[in-house]
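A quick write-up on the structure given underneath.
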Amino acid sequence: MLICFRFGPSGWRVGKFASKFWVIAVASLLPPSFAVAAGLGKISVLSALGQPLRAEIEIVSLQRGEGDSLAARLASGETFRQASVELNPTLLSVKFAVERRKSGQYVMTLSSTQPINEPFIDMLVELNWSNGRLVREYTFLLDPPEYAGPPKAEP
């Protein structure tokens with residue numbers, strides 16, 4: 001059900017349905033403070049099965065000043081239960097950090113000291129900042145090292 005506000009002859013009313021056009025029109029009139037801030041983009045897995053995990057997740061749509069307050073972590077066990085996602089114990093050893101690249105782009109890095117021997121990983125990550133919180137599910141497959149192809153020659 002879509003709830004919207006509409007203005008009629010008797011003033012503002014709350015409606016139970018509105019077309020997508022009106023929702024978009026109203027949303028575009030909202031001040032920037034109502035805009036969705038930080039977001040999480042694609043994940044890049046840099047390690048293979050049987051190796052310590054190394055992965056990066058893009059952090060997108062940051063508003064000015066939000067980068068300094070970013071914190072990343074594995075979502076809580078309760079969040080996993082609410083989302084009906086099984087918490088793989090392997091994930092408990094993964095460290096999460098937020099880094100700023102020289103280009104100014106922020107990324108969430110995931111790393112572990114122990115090898116990850118689960119080929120299929122389903123996880124919920126949480127990003128917190130001074131004005132909000134975001135939880136997103138990621139699923140990825142760790143390929144065996146031989147699938148990575150031949151090593152690249154050094155120039």
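All of these numbers come straight from a predicted model, not from anything done at the bench. Sequential numbering from 1 along the given sequence is applied to the chain's residues.
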- request: Find the distance between CG (L49) and CG (D143) and round it off to the nearest 0.5 Å.
  value: 8.5 Å
- request: Not counting sequence neighbours, which residues clear salt bridge (charged side-chain N to carboxylate O under 4.0 Å, His left out) with R81? List them please.
  value: E78
message: Working to the nearest 0.5 angstrom, can you tell me the gap between I116 CD1 and L91 CG?
response: 7.0 Å
- prompt: If you group Ile, Leu, Val, Met, Phe, Trp and Tyr by side-chain heavy-atom gaps below 4.5 Å, do F120 and L92 land in one group?
  reply: no
field: Qualifying residues under salt bridge (charged side-chain N to carboxylate O under 4.0 Å, His left out), relative to E126, sequence neighbours excluded
entry: R73, R133
- request: With rounding to the nearest 0.5 Å, note down the distance linking CG in L127 to OH in Y106.
  value: 11.5 Å
query: So do I59 and L40 actually touch side chain to side chain, heavy atoms under 4.5 Å?
result: yes
- prompt: If you round to the nearest 0.5 Å, how far is CG of L142 from CZ of F140?
  reply: 5.5 Å
- prompt: Going through the distances and angles, do L74 and L87 end up as a side chain to side chain contact (heavy atoms under 4.5 Å, CB included)?
  reply: CA-CA 10 Å; L74 183 67; L87 174 56; 4.0 Å; yes
query: Any salt bridge (Lys or Arg N to Asp or Glu O under 4.0 Å) pairs touching residues 54-65, not counting sequence neighbours?
result: E56-R101
message: Check for me, please, whether V107 and F96 land in the same ILVMFWY cluster - side-chain distances under 4.5 Å, paths through other members count.
response: no
message: Could you work out, with side-chain hydrogen bond (donor to acceptor under 3.5 Å, both in side chains) as the rule, every residue matching S76, not counting sequence neighbours?
response: T79
task: Taking side chain to side chain contact (heavy atoms under 4.5 Å, CB included) as the test, write out the residues that go with P52, two or more places apart.
output: S112
statement: When rounded to the nearest 0.5 Å, the distance separating CG of L53 from CD1 of I121 is 7.5 Å
- request: Return the set of residues passing side-chain hydrogen bond (donor to acceptor under 3.5 Å, both in side chains) with S130 (not counting sequence neighbours), or none when no residue passes.
  value: S69
- request: Keeping to residues at least two apart or across chains, list the side-chain hydrogen bond (donor to acceptor under 3.5 Å, both in side chains) pairs with something in residues 40-53.
  value: none
message: For T90, give me all partners under side-chain hydrogen bond (donor to acceptor under 3.5 Å, both in side chains), at least two apart in sequence or on another chain.
response: N88
statement: Nearest heavy-atom approach of G39 to S61 is N-CB, 4.4 Å
task: Could you tell me which non-hydrogen atom of P144 sits nearest to which non-hydrogen atom of A48, and how far apart they are?
output: C-CB, 4.2 Å
message: Applying side chain to side chain contact (heavy atoms under 4.5 Å, CB included) to I43 and M123, what does each step give before you reach the verdict?
response: CA-CA 12 Å; I43 187 168; M123 69 178 172; 3.9 Å; yes
- request: Identify, with sequence neighbours excluded, every residue that meets side chain to side chain contact (heavy atoms under 4.5 Å, CB included) alongside A83.
  value: V85, L124
message: Under the rule for side-chain hydrogen bond (donor to acceptor under 3.5 Å, both in side chains), what residues qualify as partners of S84, not counting sequence neighbours?
response: none
